[in-house]
Structure formats: structure tokens, C-alpha cells
Undergrad: 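Take a look at this one; I'll ask things after.
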Amino acid sequence: MVSKTDDIPASVPNGNPVDLAREGEIANSKDTSKTALKDPCACGHRGDTVVMNGVAGHDQAEEADSKQDGSADAEDANEQEVIVIQDTGFTVKIQAPGAEPFDLQVSPQEMVQEIHQVLMDREDTCHRTCFSLQLDGNVLDNFAELKSIEGLQEGSLLKVVEEPYTVREARIHVRHIRDLLKSLDPSDAYNGVDCNSLSFLSVFTDGDLGDTGKRKKKGNELEQIDCTPPEHILPGSKEHPLVPLQPQNKDWKPMQCLKVLTMSGWNPPPGNRKMHGDLMYLYIVTVEDRHVSITASTRGFYLNQSTTYTFNPKPANPSFLSHSLVELLSQISAAFKKNFTAQQKKRVQRHPFERIATPFQVYSWTAPQSDHAMDCVRAEDAYTSRLGYEEHIPGQTRDWNEELQTTRELSRKNLPERLLRERAIFKVHSDFAAAATRGAMAVIDGNVMAINPGEETRMQMFIWNNIFFSLGFDVRDHYRELGGDAAAHAAPTNDLNGVRAYSAVDVEGLYTLGTVVVDYRGYRVTAQSIIPGILEREQEQSVIYGSIDFGKTVASHPKYLELLEKTSRPLKVQHHAVLNEKDTAVELCSSVECKGIIGNDGRHYILDLLRTFPPDLNFLPVEGEELAPESQKLGFPRQHRHRLACLRQELIEAFVEHRYLLFMKMAALQLMQQKANKDKTAALHDTSTADAESESKPQALEASEKVPDGTPTSPTSSESTLTLDDAEAMTVSESSAPENQEAPADLKSAVPTANTSGTHEPSAAERQNGGCDSPLEGKEADENIPGLAQAKELAESLAAEDGSGIDPKSREVVLNACKAVGSISNTSFDIRFNPDIFSPGVRFPDDSTDDIQKQKQLLKDAAAFLVSCQIPSFVKDCLDHSSLPMDGATMTEALHQRGINVRYLGTVLEFVENMPAKAQIEHIYRIGISELITRCAKHIFKTYLQGVELTALSAAVSHFLNCLLSSFPDAVAHLPADELVSRRKSRKRRNRVPGGGDNTTWASLTPSELWKNINSEAQSYYHFSLQCESVDQAVEKYGLQKITLLREISLKTGVQILIKEYNFDSRHKPAFTEEDILNIFPVVKHVNPKASDAFHFFQSGQAKVQQGFLKEGCELINEALNLFNNVYGAMHVEICACLRLLARLNYIMGDHPEALSNQQKAVLMSERVLGIEHPNTIQEYMHLALYCFANGHLSTALKLLYRARYLMLVVCGEDHPEMALLDSNIGLVLHGVMEYDLSLRFLENALAINSKYHGPRSLKVALSHHLVARVYESKAEFRSALQHEKEGYTIYKNQVGEAHEKTKESSEYLKYLTQQAVALQRTMNEIYKNGSNASIMPLKFTAPSMASVLEQLNIINGIIFIPLSNLENLKAEVQRRQLMQNSGKIEEQQLELDDKLPVDD
């Protein structure tokens, strides 16, 4: 089965053995300084020995401790789990031919093969591939674990013994040498191959982060700093060049080792030469221009006497027979020897994270003009379709389905087993995604034969490499009733979401297909693994559960019901019955389209999960159904392109969570009332006040909503008449406690306070955590509601027993609460949805009418909840800056987290537009508009591309971009000059009917027509009126940047353009020519398997940190990092988050060098995994700059900040709240190096942006004023300094009162400035009076100390240092704060909190 070293194939064909630092093995060459060896998984290996494989010598004792204290909840921590991993490493000596013996640290779980990998990566042994390792003359088995080898122990000597070659080994050797020659060449990263991607960090750090041993001298660094940023980075600069996006990396000027290395035309060897041991022939041209022919034989490589045209396989004289090709070439070419050595030195000096492959391919939307070099391996790969190679089992294709399913079946009883299982799942998934992507491109490029070649192209299906491919068109009118092609285009992504959801629930015995959705060249391709046996039978026979005709005929199966029942609760899917064609009821526990097929392997598969989640009624008009008033008010339901619009899983979760809070509150209120009745106290005093409150708010619930129709709440006793209204009122009365006053006063009017459908201004819990992240947090917040604890107890005991031991009154309380919130059970809270409601063609049995009615109501409530609660709370998140999207992708992600689909973008934008506080979220509006425009353009581009033939592709793409972005009014398409057509033919061609088979309709597109289409697309799809006739109008009206639009559209469509300066605004010539379009990449969606244990550790670590237990938190997060490395390998987004948090903790706890090292890894990883200008990467750069400054690398800190600012200008422009933080950072560092005028430009810009986005009275603005005042003080311009500090003082006084320490500090500083100003004035007067012989008092002009600059940097970045002795006080403080929050007394203490709590923002 899948071995632990699955990522390290024996034959490493395409995994560049070089790059097999996959697990974090690092070559321990003489040049790699100690720091580089600090184990990539940051868990404290010894630095002086090579580390192999993330598991290596982790001292697992740590894990044992961390498990026993706080994180017992992280998993059932049974002792033996810990012991299993607890094998400490040991050191062996390795002796290679012609090299000094060296030490290597290994771990008992490793395989012998992993030592091979390390040797193939080390500088001095990298040219060997065909060798065995021997211990005392015995050859070690490659796949044996080290602990199973007899006699292998601390200090054993392993000999590297050269083995005879076979054809396979010879090819692997040539491939490996070619990989070594290419190891510094970035072309694979630009071309998006082999999981290579770009990273530019090393350009800015110049290796002074201590990763190459060339540490700069720590002398007086101030003198040599050139602080002036390039013109385009300064605040207010209008030009945004594109070229700096990819700075020149000096390492990439490749040193040429050979001119040509290719397979010879004399291959394969004829029979008589085979019998002399010839395996293959190579043809080589050296740098000195010597042409040689080389034979690869079983004994090694030697020169033969063949030339280009004559075959003479006899060895030349001298033949230079060598076991390794490198040794042979070094003898015949001096240049090769010199350059190859230099190149390998450079290769091993690079940070391992610059060369490890990423788990999924990342594509770059810009690339420089590159030379196309001759490359035999690349050529061979392209034509053999690589089947025999990259798949680790030579000569046969991988059975993807079998691999995907067997990894799921691996045992998961304890931690090591779960790690192994998750790792195998992740590995197979990333391999599958890569293969599926390649296959989909081959299908669209026409390189794969269809399995139904007779049918028209739209209807064709393909099989390649054991993967099934289908196109996103409505074949055979399958989706006719649901919206035809539009539905067929949406179905694959819905299906993928379903697959995601079911894989996440991970029920044993229920299998889903490997699914990848690829958009490429305007086509959508779905790639799926193949169920064994499905191709041999008709679909009708195989489907034993579900329906193949959208519900006309339906089947069910007890085993499927049993398996799906287990997913019902986590996915909130209700068990229900539907009628089949014979009018008999059939039980289902999923939507009807979900099909169950038992494969020939006996496994139960489910597929077509496109309706796993319930329909979104806001976009599904149904005859005779009325939506809730909040939806209607906003103009819903709206007609959508197709009828497959579903609610997102996040929305379902949020809705259920919200209903749960209501349920608890209702039960609590009723219990309180019962108690009040018993005591016969002042008649229901509490509730009358609550009622009074609710009168003053808009009425909280329509009666029809309160209780599903036809089920009146039976008021048996006076107390049970309490309804949701009161629960609402209660929430409202709490939430009116003043909270963070940074939110402007008019926010209250901006966010609808209590809307109907049981929604309200985000509940108390949401206020505390910017949204209920987990049921837990939500509940804690509500502890202060009287009676709530009782209600909880009651609900739990009811759920636990059959309810017989509970008095009827209490049961009635729960019953009422259940009915009111629409729970499907009467004795406990349980909300589930029936996904088949409103599906055309699905009929329900008569006896379930009531139930269906309830379900319809629930769906209407959920749709209303989305518009009346989720959209406002998204906007509120943006208003209080707890959510800070910077570009389209991060905005989409923020919407998705709230469960808002992107089709609501128009609604969100309208909501923002009509807000009184619109100015404070202008950035959101701008990002939203540019997202809307580029998405509309993408929809149009999709159909536009489908009509273009391959020869005209680059011309068509450049023409489209010109129409979209260029100010040139009459962009004319350059039809490709038919250089290839003979004269006679071309004359004939001219007389053909226009459009007669020549696909040139795309050429007639004009800018005004394209923008007209974008407007109508915005109206019809997003229901938003743009009213822009041209790109310039849009830029003017919405404050957009063309370069940002270019980035967004390129990322969305997969277009790669040449990196150069484009003149978008010229009215005389178009911006793009066909030469500027370099490539079209696929845009890929797939499932992301998770590392669950690691994630639990990470979360417990975060929780500990937030409670102030930094050390414990740090240990847990280190452990999480360790487990992440185990599952994902060394590169992954989640590892990136882990490293960032670790670095922050290191920094807070005072370990600056460690913080720097971890943050450097985080930056490299973010560049590689997310992209060089992803908003996340920008944030990582800012953190790294801070830690660089703290470590005294001032010039590096500035370079990093300038880089971050440049990236931010490209991604979202200057007008963004995050820019204020960045500019404050830059201004402070410049202040520190005494560049006062420059510093002021940045700080004053920060002040302006803060005032705009946080309101002029915010504490952030006060801090900005103070920073500006400090610079003026340093310049001795005391009047300006005083003016700014006074502003700051006023804000502090009004916001936090006279007694607050901030106000006191500010007033002290004001006094000091006044004295200085007076002293200066005196001196000036003295000079005027006495002329040059005046006795001048020396004035104190102080350059700020680095410590004071650092202190301010920490404050603006929300970090405060805590001496460990103060931690106790902090913990007490945290508890006190929680109490205060519960009693609603939170005032403006946000400021202190930001400064004290080391929370990663």
C-alpha cells in the first residue's frame, strides 16, 4: 500500500530528486551554515547533522507533556499513541567513492530509500543515482525501515557501492543530471510545471537573514543605508509599473554547463550492440563547441566514435569510461567542470523552501520573455505522455480510484495511524489533481481520443490515465428544465462541494469519487476517478439508490440509507420520503439526484452530489410561494441563470447556530417565567421591561414566522405564551450596551437592528468574537442570561433520556421552543433540511404535507437569514476592520466564510452603497465593483474563447484585453497573417462567404460592445447597474486601477502575460499585442484533504495563547507544526499559518532570531503556495520586516516594507485601511534612520487613511497624530509637532477620559514640546538681539533611539512584550475582562487589549 515515503518514488523520475527536500531533508554541505539546518519543521533537531524526513529526531517527550496538560482535548490522548512515535534518531557514517566519510542523522522509521534521496541531493554526491548502500558487505533493501535492519546502530558505517546500469537506471540518471543542470532555472515555475513556483524573498534579503552564512557585519549599519524608495512607491504616486513585480534574481542568470544534451538519433542500440552492453546513446555539445557522442552501457558512460551521420559505436580513445555522466563530462569539458561545481554550490545554498515542490500547482500570471532551450527530457515527456514515468509504478497507469479508496480505508485508531492515513490521502489527492489537470488540458487541446468519437464535440467523453473526463455542456438535454448549459456549467462545482462535504464527514464504508473541475480555454472539464465496472454496464442497471432522471423514477437501498443516515446530522440533511413513478413512497436520506452505485469492488459509491445543500429560494422563483418580507424588500426572489442555486454549507451552519441561540433563550425565558409564577412575585417584572424594549424596536417576528403555519403554540399556562419576540427583545437589550466606540455612531442605523425572521443585530456572542466561530464561544457569551444554564441542562437531559423523568412543564417549555425555531424533533433542538423541496419533478407522499410545509418555511427563513443577518454582519466585519479583504479572492473568501454566495455580490454592493458610513468601507465597495466587472468579463470571455481556433488564440486574447482595458477607442483585431497558406489557396479563400467555417467572429468585438455586454451581464446575473460605457468611465466612476483589473481578469481566466510596462491610456495604439500573451493556464478546483489532528493541536494552541499561556501555546503549536509536516510534507498553506503564529510567539517571548527564522519560512511558503503577490504574502512581508528591524537588519526591513507597499499598490491601490498600517511602519523605520522628510510623507499618508477609515475621533488616528508629532519634534518644528499632539490629546481625552495613562502620556509630551518650543524661541530671540556672538544654549535634538522606534512599531502592529513574571497578572486581567464583557461593561478598552494580548491579527 501507500508507504510513508510515498512522495519519494524509487525512481524519482519527475520529482526532481534535487527537489526532494520534500520532507525537509536538507543537504548538509560545508557551505550551508548552521541556521539553514535548523530543522525545517522547527522542532529542535540538532543543527550540526543532516535532518531527514520531518519525523526525524523530534524529541517526543515534549509531545507527551503537551498532551497531558491542556490539550487532553486535542484527541483521546492514550499513552501508547505517544510512545509509538517516540523513537529517537541516531547517527550513521556514510562512505561514498572518492569523497570524505560524513555523518548523517537518521530516524528508525525511515526507509533506506530516504538516505538515497539525501545522497542524491547533497552537493558532493548528487551526481550518483545508481548505487546501493551496504552495511558490512550486505546490500540494504531500499524499502526496509532502518529499525528492521540488523546491526544498524549509532556510528555504523554505510558504504555507497556503484551498481551496474539498466536502461531504466540510465534514463533516470540522465534525467537526474538534467534536473541538476536546470536546478536554478525558473522556467518551470513560469511554465507552471512539476509543482514549481516563484519566490522573490531572497532578492530583498540579500542573504543577510543568516541563511547562507554570509551574514553582514553588525557594524554601524546606519551609514550604508540608502533609504530612498523608487518613485512609484511613494505615497500619492500615480504610476503603477508592472515590471518590479518580478525583480531580477541574480542567481537565475544560468551558468551554461552544456550547450546541448539530448538523446541521439542512433537509439535504440541494435541487437549486436545490446549484447555488448549498450543501453542508449546521447549526443552532447559542450560549451567549448565540441560535439561528442556518448554510450550509456551497463558499466557506465563512455565516448564512442559515432558522428551525426555515421554510426560507429566503438569506444573512442581515450573513452573516459565513468560511472557517472558528470564525471565523464568534467573530464572532457573544463567549462562544464567549473560551472557545474559552482551551480551545485548555489543550489544547496538556496533555502530548501525555495526548491521543494508545492502540493498543488501555482501559476504565475506574468512572466518574462524566456529563451526556449533544447531539452531532451522535456521533449520526451511531452510525447510519451509520461505515463511510464511519473507514475511510480513503471509501465502501467495508476488505478486512481483504487488508490483514493484504499487510502480512505486505512486504519485510524490512534495518532500514528491517523497521521499515516491522512498523509496517504493527501498525497494521492495532490497526485490525482495534477494528473487530472494534465488530462483535462490534453482533452481540450485535442490530444485525447473520445470514447464516443461519432458524436458532436460538445457531447464527447474521454478516458485518459484511468480518469474519466466530461465537458460542462448540457448533453442530451439532461439539464433542460434546470437551465440548460448554464446549469451544466454550475453542476460540476456544486457536485465538487458535495464531494468536499461528504469527504469531510468521512463515514466508514461510504465512498465518493475523486473529483477535479478544470476551467481551461473557455471550457469546463470535470475529471472523475472511475468506479470499477461502471463502464461495462448501463447506468440504469447500476444505480440502486437515487434517481437518474431527476426524480421520475427513484430507487432506495437499506445499506445506503444506513450509511447516509450517519452523514445526516453533520450535513443537516433530513431523512425523507418521495414518490416514485408507481406512486409508492421511497425513503431517501439525500437529494434524489444523489446516485448510489455498488462497484465491482463491492464498495458503496455515491455520486452526483450537486444538491447536497438545500436550494436558495432567493434565486429560485416558485409559483405561489411567498418569501419572507426581508427577502421581498430587497427584490427577491430573482430569476437566476439556472435552478441549481444552493445555500452554502457555511450558511447552513450559521443559521442552525443562530437558531440554537434563539432556542436556548426562549427556553430560558419560559423557565424564568415558570419560576416567577411559582414565587408569585411582582407580576413578570423582567419580561414587561423586556417587552417594553421590544416595542421600541421594529417588531421582531411576524406571527406567521413565529410558528410554522397550522401549529399554534398551545398556551396551556400563562407562562408558555412567551414567544420568540421576548427572546429577541432580550438579545437586543443586551446588545445595546455600548461596545467598541471606534464604530461610528451611525453604525447603529447602518446595520438593521432587529429584523424579522428571528434575526437581530449580531447576538452578544457575535459581538464578542466578530461572529460565532464555534458553538462554544457563542454559548459562553450568553452565560449571563438568567435561566439559560437551567435551559441548557434541561435540553441536555431531555436529549439524554427518553424524557420520562422530567416534569411535563419543563417538557412543554422545550416543545414550545422546538416548534418556534423549526426543529424536526419535539424533544430536542435538531434542525435539518430536505434538499428535494422545490426540485422540479420530485413528489412527496400525502402524509408528509405538514412536514414539507415546515421545511419550506425553514428554507424561506434561511434565505431571509442570509440577506437580513449575514450580509449586514459581513459589512459590519468590514466596518470594524475585523475582515480586511484586499482583492477579489480574499473578498470572495470573506463572503464565503459568512455563507454568502458570490451571486449576492450585487446585493452586498447595494447594501454598502446605501450605508451612511459608506466612506469608511469605500475599499470594500471598490474591491466589490472590480470583482463584479472582472467576473462579468470572465463569463463573456468564456464563450468568446470557445469560438476561437488554436492558431488565433493569442490574437484573440490580446484583442479581448484591449477591448476590456485599453483606452484606444477602436481596437481592431489582428487576424493572424496566414504565413502558412500558399498564394493560390489564399486567393480562393478571400471569395468565401464571411463566417463560412472561419472562426473569426471574435475579431468583430469592439470595446463599446464588450462594455455594453458587461453592463447587461452585471444587471442580469448580479442585478446591479454599473452604467459604464468604457473602461475609462469605470476607472473614473469607481476609482479602479487598470493594473488591478488586469491582475484580476488574468487570475480568473488563467491568462499569462508578458511582464512589461503596458500603456493602457494611449488613445493611439492598443495596449496589448498578440506577442504579449504567453500562455493560458487551467483554473483548477479540487478537494483539500485536511490534517485533523494537527488542526486540533493548532486550535488548542491558539486558545492557550489567547488565554495568556504563551509557553504552553507555543509547545502545542510546535507540535501542530510537526504533525502538519507529517501529513502535508513541508509546504502547505496551513503550515504557513502555523509558522507565522510561532514567529509571533517567539517575538513576544523575546526570541528575536527564532522569530526571524520562522517568519522567513512563512514568507517563502506563502510566496510559493499562494503566489508572490497574494494578500497573505503581503502581510507576511510586513511581519518579517518588523522582526528584521528588531534583529537590527534595518535596510532589509525597509526593503521588505517597500516590497509590501509595491505589491499592495498593484493588488488594491493606495486607498485601503491596511495601507495605513504599512505606511506607519515605513514612516517609523525611516524616522529611526533619521530620514525625517521621507518619514513624514508616509506617516501623514497613514494619518489621512486612518482618519478616513476609522473616523477622525478614533484612537488609531490619535496614535497617528502622535507619530507625526514625534517626527516634527526630531526636525525641531515644534509648532507643527504641538498641533498634531494636541489633536491626539483631544481624542484621548474624549475617548478614554483624563485619568487614562494614554491621556496622561500625551499631556506629558505636550508639556515637553512646549518647553522645547519656548527654549527654541528664546535662542532665536537671543540670536536676533546679539547677532553672531550670542551665547547659545545647546538645544536637545535627539535622533530617536532604536528601542523607542521598536516600541512604537510593536504598538501599531498590536504587539506588547510581557515579561514572563507579568503573565500571571495578564491571566487575571483576561479573566476580569471576560467577567466585564459578560456584564456588558466593555468600554473603549480596545486599545489596551490590542496592545496587551498577543493575538495574531
Side-chain angles (χ1 to χ4, degrees), residues 5 8 10-12 17-18 20-21 23 25-32 34 36-37 45-53 56-57 88-166 169 172-173 176-177 180 298-301 320-331 337 340-341 344-345 347-348:
T5 50
I8 306 181
S11 60
V12 201
V18 192
L20 275 156
E23 293 280 324
E25 300 97 336
I26 301 178
N28 174 14
S29 69
K30 301 279 177 293
D31 321 79
T32 347
K34 294 281 184 274
L37 285 171
H45 288 318
R46 306 214 328 252
D48 49 346
T49 41
V50 181
V51 174
M52 290 175 29
N53 179 336
T88 40
F90 56 94
T91 310
V92 293
K93 262 198 169 12
I94 306 252
Q95 165 81 64
E100 291 289 303
F102 60 90
D103 287 344
L104 180 65
Q105 182 173 347
V106 292
S107 131
Q109 290 92 352
E110 273 163 23
M111 298 210 178
V112 175
Q113 169 165 310
E114 295 175 50
I115 303 185
H116 275 248
Q117 294 310 330
V118 174
L119 294 176
M120 284 163 67
D121 196 48
R122 271 180 68 95
E123 188 184 350
D124 48 0
T125 53
C126 64
H127 54 277
R128 302 183 183 282
T129 58
C130 185
F131 58 86
S132 62
L133 290 167
Q134 299 189 0
L135 176 65
D136 308 328
N138 299 326
V139 175
L140 305 186
D141 167 18
N142 253 347
F143 291 100
E145 290 198 348
L146 297 186
K147 60 179 176 221
S148 65
I149 295 167
E150 268 179 59
L152 184 63
Q153 60 203 23
E154 180 73 36
S156 296
L157 178 70
L158 292 180
K159 285 206 163 106
V160 175
V161 180
E162 297 172 341
E163 293 289 330
Y165 283 98
T166 58
E169 284 291 348
I172 285 170
H173 185 76
H176 178 60
I177 300 306
L180 290 178
T298 47
R299 292 171 49 212
F301 296 80
F320 297 116
L321 173 66
S322 314
H323 191 265
S324 136
L325 187 55
V326 171
E327 290 167 358
L328 170 66
L329 293 170
S330 301
Q331 293 177 63
K337 184 173 183 179
F340 185 77
T341 321
Q344 296 321 306
K345 255 200 178 37
R347 176 179 68 85
V348 293

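Since the structure is predicted, the reported quantities are computational estimates derived from the model, not experimental observations.
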Undergrad: Grab the two heavy atoms, one from Cys126 and one from Arg347, that are nearest each other, plus how far apart they are.
TA: CB-NH2, 3.5 Å

Undergrad: For Gln134, check side chain to side chain contact (heavy atoms under 4.5 Å, CB included) against everything at least two apart and list the hits.
TA: Ser132, Val139, Val161, Glu163

Undergrad: For residues Thr129 and Glu169, report the shortest heavy-atom separation together with the two atoms involved.
TA: O-OE1, 4.2 Å

Undergrad: Nearest 0.5 angstrom please: Gln113 CD to Glu145 CD, how far?
TA: 12.0 Å

Undergrad: Quick one, Lys159 with Asp136, criterion salt bridge (charged side-chain N to carboxylate O under 4.0 Å, His left out). Give me CA distance, side-chain angles, the key distance, then yes/no.
TA: CA-CA 8 Å; Lys159 285 206 163 106; Asp136 308 328; over 6 Å; no

Undergrad: Can you name the side chain to side chain contact (heavy atoms under 4.5 Å, CB included) partners of His323, sequence neighbours left out?
TA: Cys130, Glu162, Tyr165

Undergrad: Measure across Leu157 and Leu135 and return the closest heavy-atom pair with its distance rounded to 0.1 Å.
TA: O-CD1, 3.6 Å

Undergrad: Using the side-chain contact (heavy atoms from CB on, under 4.5 Å) rule, pick out the option among Asp141, Ile149, Leu152 that qualifies with Val112.
TA: Ile149

Undergrad: Suppose we screen for side chain to side chain contact (heavy atoms under 4.5 Å, CB included). Which residues come up paired with Ser324, at least two apart in sequence or across chains?
TA: His127, His173, Val326, Glu327

Undergrad: Given Leu180 and Gln344, is the side chain to side chain contact (heavy atoms under 4.5 Å, CB included) satisfied, shown in steps?
TA: CA-CA 8 Å; Leu180 290 178; Gln344 296 321 306; 3.8 Å; yes

Undergrad: Of all residues at least two apart in sequence or in a different chain, which pass the ring-ring contact (aromatic ring centres under 6.0 Å, His included) check with Phe90?
TA: none

Undergrad: What are the two closest non-hydrogen atoms of Gly151 and Ser156, and how far apart are they?
TA: O-OG, 3.5 Å

Undergrad: Who passes ring-ring contact (aromatic ring centres under 6.0 Å, His included) against Phe320, sequence neighbours left out?
TA: none

Undergrad: Could you state the interatomic distance from OG1 (Thr341) to CD (Glu123), rounded to the nearest 0.5 Å?
TA: 8.0 Å

Undergrad: Would you indicate whether the side-chain heavy atoms of Thr91 and Val106 approach each other to under 4.5 Å?
TA: no

Undergrad: So do Leu329 and Phe340 actually touch side chain to side chain, heavy atoms under 4.5 Å?
TA: no

Undergrad: Going by heavy atoms in the side chains, are His116 and Leu119 under 4.5 Å from each other?
TA: no

Undergrad: Measure the CG-CG distance between Leu328 and Leu321 for me, rounded to the nearest 0.5 Å.
TA: 8.5 Å

Undergrad: Looking at every heavy atom in both Pro101 and Gln95, which two are closest together, and how far apart are they?
TA: CG-OE1, 3.4 Å

Undergrad: Taking only residues two or more places apart in sequence or in another chain, which ones pass side-chain hydrogen bond (donor to acceptor under 3.5 Å, both in side chains) with Lys337?
TA: none

Undergrad: Within a reach of under 6.0 Å around CD of Glu150, are more than 12 heavy atoms found that belong to other residues, nucleotides or ligands?
TA: no

Undergrad: For Gln109 and Lys147: C-alpha separation, side-chain torsions, deciding distance, then whether side chain to side chain contact (heavy atoms under 4.5 Å, CB included) applies.
TA: CA-CA 6 Å; Gln109 290 92 352; Lys147 60 179 176 221; 4.0 Å; yes

Undergrad: Quick one, Met120 with Phe131, criterion side chain to side chain contact (heavy atoms under 4.5 Å, CB included). Give me CA distance, side-chain angles, the key distance, then yes/no.
TA: CA-CA 10 Å; Met120 284 163 67; Phe131 58 86; 4.3 Å; yes

Undergrad: Kindly indicate whether the side chain of Leu158, heavy atoms from C-beta on, has any atom under 4.5 Å from the side chain of Ile115.
TA: yes

Undergrad: Can you find a heavy atom in the side chain of Ser107 that is under 4.5 Å from one in the side chain of Leu146?
TA: no

Undergrad: So, using side chain to side chain contact (heavy atoms under 4.5 Å, CB included) as the criterion, who are the partners of Glu100 when residues are at least two apart?
TA: none

Undergrad: List in chain and number order the residues that pass side-chain hydrogen bond (donor to acceptor under 3.5 Å, both in side chains) with Ser322, two or more places apart in sequence or in another chain; answer none if no residue qualifies.
TA: Gln331

